[in-house]
Amino acid sequence: EDGNHTASCNVTIEAEKPPVINVTGVSLNKTELTLEEDEREQLVVTVEPDNATNKNVIWESSDDSIATVDDIGNVIAMKKGEAIIKATTEEGDFYAECRVTVTEKEISSISVTTLPNKQQYIQNIDELDLTGAKLTILYADGTNKVIDITEDMVSNFDNTILGVNTLTVTYGGKTTTFDIEIIAKAVSSIELVTEPDKKEYIQNVDTALDLTGASIKVSYNDGTEENINVTENMVEGFDPTTTGEQTITVTYSGQTVTF
């Protein structure tokens with residue numbers, strides 16, 4: 001009353017929060033699903049009760065190499081086998097599962113569309129190398145797929161016999177072939193490593209060529225190499241009856257070098 005003083009305060013009135021409705025269960029529209037390779041289907045999840053506050057689920061596959069699933073339940077068949085698709089609720093950890101069986105697509109034919117990078121092999125030395133080889137698979141539904149050719153698909157490799165070697169490729173019960181060549185180990189080049197110690201000769205006196213110290217490097221078609229001494233039967237061009245500089249030719253397995 002005295003002095004006519006007043007006081008006030010602010011009051012906030014909040015709307016009543018809706019009650020949290022807990023998840024009580026989850027189910028899928030299918031518990032078993034069979035798909036062909038590359039086929040896809042969406043699984044439908046039902047979270048109970050219908051008015052649950054958090055109806056989010058987490059999708060996962062037991063084996064992504066067999067079948068994958070995205071965050072809305074789309075399943076894609078990858079290759080033959082079985083996988084379990086699981087949907088788990090974020091709230092409550094309830095889950096439901098579907099067993100997915102992936103079957104192989106019917107194959108009409110197969111063909112080698114890209115040959116391996118390596119098509120020549122050294123007899124008794126080189127092992128099969130399929131790097132770069134591609135196989136095209138034609139399915140009965142008209143679609144196709146290109147895959148790498150792997151060693152488990154290939155038979156009849158034999159590096160012991162010279163000539164053409166026909167290899168058989170088997171996939172999905174179908175076969176096709178391609179050829180490689182088995183060749184002998186051979187000298188691909190020679191190179192002078194050291195010249196002979198003796199380089200000057202007296203006309204009509206020093207009648208024999210002295211090759212002491214002379215050597216060549218021999219390179220083979222399998223990538224190996226070795227150094228060998230130059231011998232008299234490898235050389236030609238020496239003439240002790242004439243004066244002046246002479247060029248001596250060294251020949252080894254069809255390859256030549258001079259000094």
### Query
When you look at E60 and T88, which way does the side-chain contact (heavy atoms from CB on, under 4.5 Å) test go after all the steps?
CA-CA 8 Å; E60 59 183 323; T88 305; 4.3 Å; yes
Is it true that a side-chain atom of [X] and a backbone atom of [Y] form a donor plus acceptor pair closer than 3.5 Å?
{"X": "S62", "Y": "I84", "answer": "yes"}
{"X": "T24", "Y": "E48", "answer": "yes"}
{"X": "N56", "Y": "E90", "answer": "no"}
{"X": "N221", "Y": "A186", "answer": "yes"}
{"X": "D63", "Y": "A83", "answer": "no"}
{"X": "T194", "Y": "G213", "answer": "yes"}
{"X": "D148", "Y": "T150", "answer": "no"}

[X] [atom1]: over 12 foreign heavy atoms closer than 6.0 Å:
{"X": "D50", "atom1": "CG", "result": "no"}
{"X": "Y95", "atom1": "OH", "result": "no"}
{"X": "Q246", "atom1": "CD", "result": "yes"}
{"X": "E106", "atom1": "CD", "result": "no"}
{"X": "K80", "atom1": "NZ", "result": "no"}

Spatial distance of atom [atom1] ([X]) from atom [atom2] ([Y]) [nearest 0.5 Å]:
{"X": "F178", "Y": "T113", "atom1": "CZ", "atom2": "OG1", "answer": "11.5 Å"}
{"X": "E245", "Y": "E200", "atom1": "CD", "atom2": "CD", "answer": "11.0 Å"}
{"X": "M234", "Y": "T249", "atom1": "CE", "atom2": "OG1", "answer": "14.0 Å"}
{"X": "D129", "Y": "E151", "atom1": "CG", "atom2": "CD", "answer": "9.5 Å"}
{"X": "T224", "Y": "I125", "atom1": "OG1", "atom2": "CD1", "answer": "6.5 Å"}
{"X": "I107", "Y": "K174", "atom1": "CD1", "atom2": "NZ", "answer": "8.0 Å"}

Under 4.5 Å between side-chain heavy atoms, counting indirect links through other Ile/Leu/Val/Met/Phe/Trp/Tyr residues: same cluster for [X] and [Y] or not?
{"X": "V112", "Y": "I147", "value": "yes"}
{"X": "W59", "Y": "L35", "value": "yes"}
{"X": "I137", "Y": "L115", "value": "yes"}
{"X": "Y220", "Y": "V257", "value": "yes"}
{"X": "F94", "Y": "V47", "value": "yes"}

Where [X] and [Y] come nearest, the two heavy atoms and their spacing:
{"X": "V230", "Y": "V235", "result": "CG1-CG1, 3.6 Å"}
{"X": "K145", "Y": "Y139", "result": "CE-OH, 3.2 Å"}
{"X": "T160", "Y": "Q123", "result": "O-NE2, 2.8 Å"}
{"X": "V23", "Y": "A52", "result": "CG2-CB, 4.0 Å"}
{"X": "V26", "Y": "A87", "result": "CG1-O, 4.2 Å"}
{"X": "T258", "Y": "L192", "result": "O-CD2, 4.0 Å"}

### Query
Can you check side-chain contact (heavy atoms from CB on, under 4.5 Å) on T177 and N156, steps first, answer last?
CA-CA 10 Å; T177 62; N156 301 333; over 6 Å; no
### Query
Can you tell which of V45, L33, T31, V69 makes a side chain to side chain contact (heavy atoms under 4.5 Å, CB included) with C98?
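Among V45, L33, T31, V69, the one that satisfies the side chain to side chain contact (heavy atoms under 4.5 Å, CB included) with C98 is L33.
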Are [X] and [Y] close enough that some pair of their side-chain heavy atoms sits under 4.5 Å apart?
{"X": "E97", "Y": "L28", "result": "no"}
{"X": "Q42", "Y": "I72", "result": "yes"}
{"X": "M78", "Y": "V102", "result": "no"}
{"X": "T175", "Y": "V169", "result": "no"}
{"X": "D126", "Y": "N159", "result": "no"}
{"X": "E226", "Y": "I228", "result": "yes"}
{"X": "V100", "Y": "I66", "result": "no"}
{"X": "N204", "Y": "T241", "result": "yes"}

#### Entry: With sequence neighbours excluded, residues passing ring pair (Phe, Tyr, Trp, His ring centres under 6.0 Å) with Y171
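Per chain and number, Y171 pairs via ring pair (Phe, Tyr, Trp, His ring centres under 6.0 Å) with no residue.
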Strictly by modelled atom types, are [X] and [Y] linked by a side-chain donor-acceptor pair under 3.5 Å?
{"X": "N117", "Y": "T131", "answer": "no"}
{"X": "T101", "Y": "T34", "answer": "no"}
{"X": "T166", "Y": "D179", "answer": "yes"}

### Message
Check this for me: does any side-chain nitrogen of one of E36 and K105 sit under 4.0 Å from a carboxylate oxygen of the other?
### Response
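Looking at E36 and K105, the cut-off is not met.
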### Message
Before you tell me yes or no, could you show the steps for S188 and S219 under side-chain hydrogen bond (donor to acceptor under 3.5 Å, both in side chains), namely the whole-Å CA-CA distance, both residues' side-chain angles and the distance that decides it to 0.1 Å?
### Response
CA-CA 6 Å; S188 56; S219 299; 5.2 Å; no
### Query
When you look at S61 and T68, which way does the side-chain contact (heavy atoms from CB on, under 4.5 Å) test go after all the steps?
CA-CA 6 Å; S61 170; T68 63; 5.7 Å; no
### Query
Under the side-chain hydrogen bond (donor to acceptor under 3.5 Å, both in side chains) criterion, do T212 and D197 qualify, and how do the steps go?
CA-CA 6 Å; T212 303; D197 299 333; 5.6 Å; no
